[in-house]
Asker: 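For reference, the structure I am asking about is given below.
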Amino acid sequence: MAGQHVVFIASEAAPLAKTGGLADVVGSLPRALARLGHRVEIILPFYRRIIEGSGFAPSPTGIEIDMWADGRNWPCRIHELEDGGIRYLLVENDALFDRDGIYGPPGGAWDDNLLRYIVFGRVALEAAARLDALVDVLHCHDWQTAFIPLLLRTQYQHHAPIAQARTVYTIHNLAYQGVFDAGWIHRLGLPSHHFHAEDYEFHGQINCMKAGIANADAITTVSPSYAREILTPAYGCHLDGFLRRHRARLSGIVNGIDVEHWNPATDPCIEAHYRAGRIEGKRRCKAALQEACGFEIDPKRPLLALISRLADQKGIDLLLANAEEWARREHQLVVLGSGDPYTENMLAELAGRHPARIFFHRGFDERLARRIYAGADIFLMPSRFEPCGLGQLIAMRYGAVPVVRATGGLIDTVVDYHASKARATGLHFVEPEPAAFDRAVTEAVALFAQPRIWSRIRGNALRRDSSWDASAEEYSRLYRRLTDGTGT
Ligand code: ADP
């Protein structure tokens, strides 16, 4: 079966530039697609100080593209680099993209984000059109690149080298829709005849995500459960009715992780290596983490961990409501995260009151994250909603048993102890209430105290196949359906 030519267009990709799970997906799915024989390029903005700061040195391709928007020209140059066998094309315009944050200063957003990503999207289309082979599929992600399918259908419909491409639009998180003032339509020259309720208009404003949903040849989201949930008012973020009208093109494909990048048998950041069946190294990782946190070093003490953006979605309030009681029960709790300043302060205060039991590190730190995944017994994910979630996949890979709220991708990836004692990889709780979360954690701690049961659950988690292989096959079949003309 001949491979397809697929171009990912996205606003972040690990390891070049990352704020969350979107970057992990864009950084790892293309490699799995390439292993299946597809040709894949990734087009990203050139966030110069962030990308160069991560140690990458892209080189110019010589391609220069002028883009008119908001009353002036934005000259862009295309750079390239290769990482992990994948070619990246980076759109350079320092005024737009070389800033201290990807989307804004800490906790904020740049005022001109729509301008930045519309210029980026148009330049990305022109760069894709100049590749040495015709593109079969343009795969766009989240609100930042959601206008691309519409631009392709309208302003680029006669642009010969790219007009034939089919489009896939993936929703990584429906909560971030990219809503902007309608005044930008004129300033950016967006197709105004599509500004209506069945396209990108939303209560008189521009809604980027609606443009993607209305115009892409296929819409995906990152787990089958989330694909069902977003059709309901409880999870639909005011787009459930709109999504129901487009459900024939919507499917859910669960995320994977790069199992080489996340591998406790080789991870250079952790104290000792281990794998399923040879678990001794995990004990040393736990002792090292306990020591680093200033906790008592005791293998029998349950060590709970949470690594997350500190946002409403993540249910940190459920943790805050229980943490003091867990400290009283002499559990140990490590939290790594940044985001909402109120939550950061609450966590810092808690850790200050219980330094021997609760440790909080404010910030984004992948090395520390790895040491926590490796050292923890129980990984907490009390999300109010979770499109897929990667934390629980990494945690299972590192033998930290997840306790998760039964929502979205957490349902699809963690086998609940109550559903199957033999196949369990973690525990679920249903109501987004502190008491329900506490019951699940209490039960996990009780199971942890029973070594035979715990080693079975932990072994199941360690052996779970969280690689991209199966999901890359699903994307592959979707691309094929689209380009065969049988997919819409
Ligand atoms: P989301 O994309 O909603 O933030 P996911 O669970 O899909 O959540 O992905 C989160 C990713 O970001 C995981 O790889 C997780 O390890 C990582 N991460 C989150 N917060 C931090 C942090 N403070 N430091 C290091 N890594 C983090």
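Residue numbers count from 1 along this sequence. Excluded from the calculations below are hydrogen atoms, water molecules and symmetry mates; all remaining heavy atoms, backbone and side chain alike, are included. Order of appearance sets the numbers: ligands from 1, and atoms from 1 within every ligand.
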Asker: Would you say Arg309 has any N or O atom under 3.5 Å from an N or O of ligand 1, going by distance alone?
Answerer: yes

Asker: With only distance considered, is Gly363 within less than 3.5 Å of ligand 1 through an N or O on each side?
Answerer: yes

Asker: If the cut-off is 4.0 Å to any non-hydrogen atom of Lys18, which atoms of ligand 1 fall inside it?
Answerer: 12 (O), 14 (O)

Asker: Might you work through the side-chain hydrogen bond (donor to acceptor under 3.5 Å, both in side chains) test for His79 and Glu92, ending with a clear yes or no?
Answerer: CA-CA 7 Å; His79 294 245; Glu92 181 224 77; 3.0 Å; yes

Asker: Hey, does Lys314 come in under 3.5 Å of ligand 1, counting only N/O atoms on both sides?
Answerer: yes

Asker: Could you check Phe385 against Tyr235 for ring-ring contact (aromatic ring centres under 6.0 Å, His included), going step by step and ending with a plain yes or no?
Answerer: CA-CA 8 Å; Phe385 67 93; Tyr235 290 93; 7.1 Å; no

Asker: I'd like to know whether Gln290 forms a side-chain hydrogen bond (donor to acceptor under 3.5 Å, both in side chains) with Gln332, so could you lay out the CA-CA distance, the side-chain angles of the two residues, the decisive distance to 0.1 Å, and finally the verdict.
Answerer: CA-CA 8 Å; Gln290 287 174 318; Gln332 298 172 338; 2.8 Å; yes

Asker: Which residue is it: Thr220, Asp142, Thr145, Asn255? I am looking for the one with a side chain to side chain donor-acceptor pair (under 3.5 Å) to Thr170.
Answerer: Thr220

Asker: Among all protein non-hydrogen atoms, which one is nearest to atom 24 (N) of ligand 1, and what is the separation to 0.1 Å?
Answerer: Asp365 N, 3.0 Å

Asker: Does ligand 1 have a heavy atom under 4.0 Å from the side chain of Gln392, from its backbone, from both, or from neither?
Answerer: neither

Asker: For Ser11, which of Tyr103, Trp143, Tyr47 qualifies under side chain to side chain donor-acceptor pair (under 3.5 Å)?
Answerer: Tyr103

Asker: Quick check: Asp24 and ligand 1, any N/O pair under 3.5 Å apart?
Answerer: yes

Asker: At a 4.0 Å threshold, what atoms of ligand 1 neighbour a non-hydrogen atom of Gly20?
Answerer: 2 (O)

Asker: Hey, are His428 and His418 close enough side-chain-wise for a donor-acceptor pair under 3.5 Å?
Answerer: no

Asker: Report the C-alpha separation of Asn460 and Val415 in whole Å, then their side-chain angles, then the decisive distance to 0.1 Å, and conclude whether the side chain to side chain contact (heavy atoms under 4.5 Å, CB included) test is met.
Answerer: CA-CA 9 Å; Asn460 290 343; Val415 179; over 6 Å; no

Asker: Near Gly337, which atoms of ligand 1 are under 4.0 Å from a heavy atom of that residue?
Answerer: 23 (N)

Asker: Do NZ/NE/NH1/NH2 and the carboxylate oxygens of Arg371 and Glu271 come within less than 4.0 Å?
Answerer: no

Asker: Which residue and non-hydrogen atom of the protein lie closest to atom 16 (O) of ligand 1, and at what distance in Å?
Answerer: Tyr373 OH, 2.6 Å

Asker: Distance under 6.0 Å and angle within 45° of the ring axis: does Arg35 meet both against Trp468?
Answerer: no

Asker: Using distance alone, determine whether Ile394 and ligand 1 share an N or O pair under 3.5 Å.
Answerer: no

Asker: Check Ser308 against ligand 1 and report side chain, backbone, both or neither, counting heavy atoms closer than 4.0 Å.
Answerer: backbone

Asker: Does the N or O separation between Thr19 and ligand 1 drop below 3.5 Å for any pair?
Answerer: no

Asker: Could you list the atoms of ligand 1 found under 4.0 angstrom from a heavy atom of Gly389?
Answerer: 6 (O), 7 (O)

Asker: Any nitrogen or oxygen of Gly21 lying under 3.5 Å from a nitrogen or oxygen in ligand 1? Just yes or no.
Answerer: yes

Asker: I'd like to check which ligand 1 atoms, numbered from 1 as shown, lie under 4.0 Å from a non-hydrogen atom of Gly391.
Answerer: 6 (O)

Asker: Which residue owns the protein heavy atom closest to atom 6 (O) of ligand 1, what's the atom, and how far is it?
Answerer: Leu390 N, 2.9 Å

Asker: Looking only at protein heavy atoms, which one is nearest to atom 27 (C) of ligand 1, and what is the separation?
Answerer: Phe364 CE1, 3.4 Å

Asker: Using a 6.0 Å distance limit plus a 45 degree cone around the ring axis, check whether Arg48 lies over the aromatic ring of Phe46.
Answerer: yes

